[in-house]
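What follows is a single structure, written as structure tokens, with notes after it.
Note: hydrogens, waters and symmetry copies are ignored here, and every other heavy atom, side chains too, is used. Just so we're on the same page: letters track the sequence lines, and every chain starts at 1.
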Protein chains: 2
Amino acid sequence: MSESLAYAELIAVLVAVTDNEPRVMTIDAGEALPSGPFETSHRTLQSGLRAWVESQTGHPVGYLEQLYTFADRDRALDAGTGAAQTRHISIGYLGLVREQVALGAGRPEWHSWYEYFPWEDHRDGRPDLLTGLSERLLDWAGDHEVRRQRVDFLFGLNGQLWNEDLVLQRYELIYEAELEKVAGFGRQMASDHRRILATGITRLRAKIKYYPVVFELMPDSFTLLDLQRMTEALAGVRLHKSNFRRQIDQQNLIEETGEMSSETGGRPAKLFRYRPAVVEASSLSGARLPYSRH
Amino acid sequence: MSESLAYAELIAVLVAVTDNEPRVMTIDAGEALPSGPFETSHRTLQSGLRAWVESQTGHPVGYLEQLYTFADRDRALDAGTGAAQTRHISIGYLGLVREQVALGAGRPEWHSWYEYFPWEDHRDGRPDLLTGLSERLLDWAGDHEVRRQRVDFLFGLNGQLWNEDLVLQRYELIYEAELEKVAGFGRQMASDHRRILATGITRLRAKIKYYPVVFELMPDSFTLLDLQRMTEALAGVRLHKSNFRRQIDQQNLIEETGEMSSETGGRPAKLFRYRPAVVEASSLSGARLPYSRH
DNA sequence: TTGACATAAACTCAGATGGAGAATAAGTCA
DNA sequence: TGACTTATTCTCCATCTGAGTTTATGTCAA
């Protein structure tokens, strides 16, 4: 049974947003995600991760969610040299924090996640780099019809719409085409940390659509445009202003503070705060089945 | 670093549906979910699980998805006796299979998942057992307003609608109220397997709403009512017939085979088959943000 | 002081979607 | 042949959504 013992490590995708830029906590000068061993003293995986993240950043982690557990032998750093090595299991977590003063050991730094995935930021239109990237991907696809369709679908070619949720699938395709180390196609990371980061971004982009996680990243009081810019930063796309506002107040998640913000550059905006109470009680639908009420 | 070594085990929530009853593979006469160690010979977690599940059941697993990784010290079987014990990590997977002929060692048996969570089946109306159960839960809540609201919300009391997605949250509440071992409130399982099963059901119920996983459980050809009954079995609620049909053909996921089924008891029904090709290419939305097209 | 500029907030309107159920078709079985 | 059962197609209407337009209220520079 000792052959089944493994080294378990906790990896954090820790996200904060400042100046409309989504940032992720890194160590080793932006080369790796913070990670630490799961120790006997930790009561649960969550509390283990929470403990050392807070010691690293000095900040409380508002929101913490398990992402995925990775153990692919061929994608870890120290792979393939022998049979009798210790197995590595990485348990990834997504954490959201409000501010970004990093005070820990290990040279913590915040980096925009678009450094690692530059093709994911469509806020100012389709990034130029996508031209070269999709050319290389289509080269790789060649005559292979299925591959070609996958490229079109994932990268919004041939009349298909850009779908911001497919971060991980796009990265996996690039990896499959062996383009992930090409200069200019995003910054690299140690081991498979870039994949774990892609997993985190994917989860967050999906989640903001049906669960009010954005507020974990917002300050106590904010304007509606602040909220929109935050959402746009995460999703990497622009949103329709008045429809965004309508959606927000249909959900009933925020209330006016009574104060105004005059830092808008135009007409002062009302300030709002989050009302966490309602979350549990409302259904916050998402997709539904066609129920029958009888 | 040896204090960080852990015993990693793979646990499967393996689901099949027969006779409109969703069933889960168990061992030990229905007392436990099948599980096995993650071994050095396994290339990935997925392939490790797939390998031994197929050897246990003799069936190919169509769909396999990671659920969650558990390591709570206080909820595992062998907890709390000493400090120097080996840490257990359980990685749960959800698998879907088409048929249920179990041929493996370890006395594999299929059990309806409603044996373990009898309050989750609302296909024939609200189960009687919910009366007693919610009474006990409200006793536990007492004057605690937050608890009381949680009970109302999760169990559809006080005018709230039943939400079939909250399987895990309901089980966690019952566990918190220490009612999980009360006779009549569902069959128990070893260790925290019942919680893992709840996690699997939760995931599946959520997923059928925005991704066509149901077809992994359907035979090659089926009628629209078959498909509806399957969905109802999983969701534990009744659906509106014509609206269900409309939703299905909006999604464009199936096509007529040309054959008819005369086993309906009434007018013969057209037979359909799944068209997997479309899945990738369509958006299959779910929740959306209010995009701005410019 | 005034007008250009910028953003806020409210309102409009047509087309799509979703819930509920009626109407019609085509089998089986007594 | 008529009762019964299920299949399949429609209809109706309320609500939601996408895409603006309109009006309000600040700042700032000439």
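B:D152 is linked by a salt bridge (Lys or Arg N to Asp or Glu O under 4.0 Å) to nothing, counting only residues two or more places apart in sequence or in another chain. Residues meeting the side chain to side chain donor-acceptor pair (under 3.5 Å) test with B:S112, sequence neighbours left out: B:E21. For B:E216, there are no side chain to side chain donor-acceptor pair (under 3.5 Å) partners at least two apart in sequence or on another chain. Residues passing the salt bridge (Lys or Arg N to Asp or Glu O under 4.0 Å) test with B:R187, sequence neighbours excluded: B:E31, B:E115. Partners of B:D124 according to the side chain to side chain donor-acceptor pair (under 3.5 Å) rule, which considers only residues two or more places apart in sequence or in another chain, do not exist here. Every residue two or more places apart in sequence or in another chain that forms a salt bridge (Lys or Arg N to Asp or Glu O under 4.0 Å) with B:K270 is listed here: B:E256.
We find that CD of B:Q250 is positioned 13 Å from C1' of C:dG19, with the value rounded to whole Å. Note: CZ (A:R238) to P (D:dG18) measures 18 Å, nearest angstrom. For the pair B:D226 CG and D:dA7 C1', the computed distance is 12 Å after rounding to whole Å. Distance CG (B:L239) to P (C:dG18): 14 Å, rounded to an integer number of Å. Whole-Å rounding puts the A:H240 NE2 to C:dA8 C1' distance at 15 Å. To the nearest angstrom, P of D:dC16 lies 18 Å from CZ of A:F244. Between the CD atom of B:Q251 and the P atom of C:dT17 there is a distance of 12 Å, given to the nearest Å.
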Donor-acceptor pairs are to be reported for all side-chain atoms of residues 225-237 of chain B against protein atoms at under 3.5 Å, with residues two or more places apart or in another chain.
| unit_1 | atom_1 | unit_2 | atom_2 | d |
| --- | --- | --- | --- | --- |
| B:D226 | OD1 | B:T223 | OG1 | 3.4 |
| B:D226 | OD2 | B:T223 | N | 3.0 |
| B:D226 | OD2 | B:T223 | OG1 | 3.3 |
| B:Q228 | NE2 | B:E232 | OE2 | 3.0 |
| B:Q228 | NE2 | B:L239 | O | 3.1 |
| B:R229 | NH1 | B:E232 | OE1 | 2.7 |
| B:T231 | OG1 | B:L227 | O | 2.9 |
| B:E232 | OE1 | B:R238 | NH1 | 2.6 |
| B:E232 | OE2 | B:L239 | N | 2.9 |

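A:Y171 and A:F117 have perpendicular rings, their planes meeting at more than 60° on a 0 to 90° scale where under 30° would count as parallel. Using bins of under 30°, 30° to 60° and over 60° for the plane-to-plane angle, the ring pair A:Y274/A:F215 lands in the parallel bin.
Non-hydrogen atoms lying under 4.0 Å from DNA chain C are contributed by nothing in residues 227-236 of chain B.
In this model, the phosphate group of D:dG18 is not approached by any side-chain N or O of A:Q247 to a distance below 4.0 Å at OP1 or OP2.
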Polar atom pairs (N or O), protein with nucleotides 9-12 of chain C, under 3.5 Å:
| unit_1 | atom_1 | unit_2 | atom_2 | d |
| --- | --- | --- | --- | --- |
| C:dA9 | OP1 | A:K270 | N | 2.8 |
| C:dA9 | OP2 | A:R245 | NH1 | 3.4 |

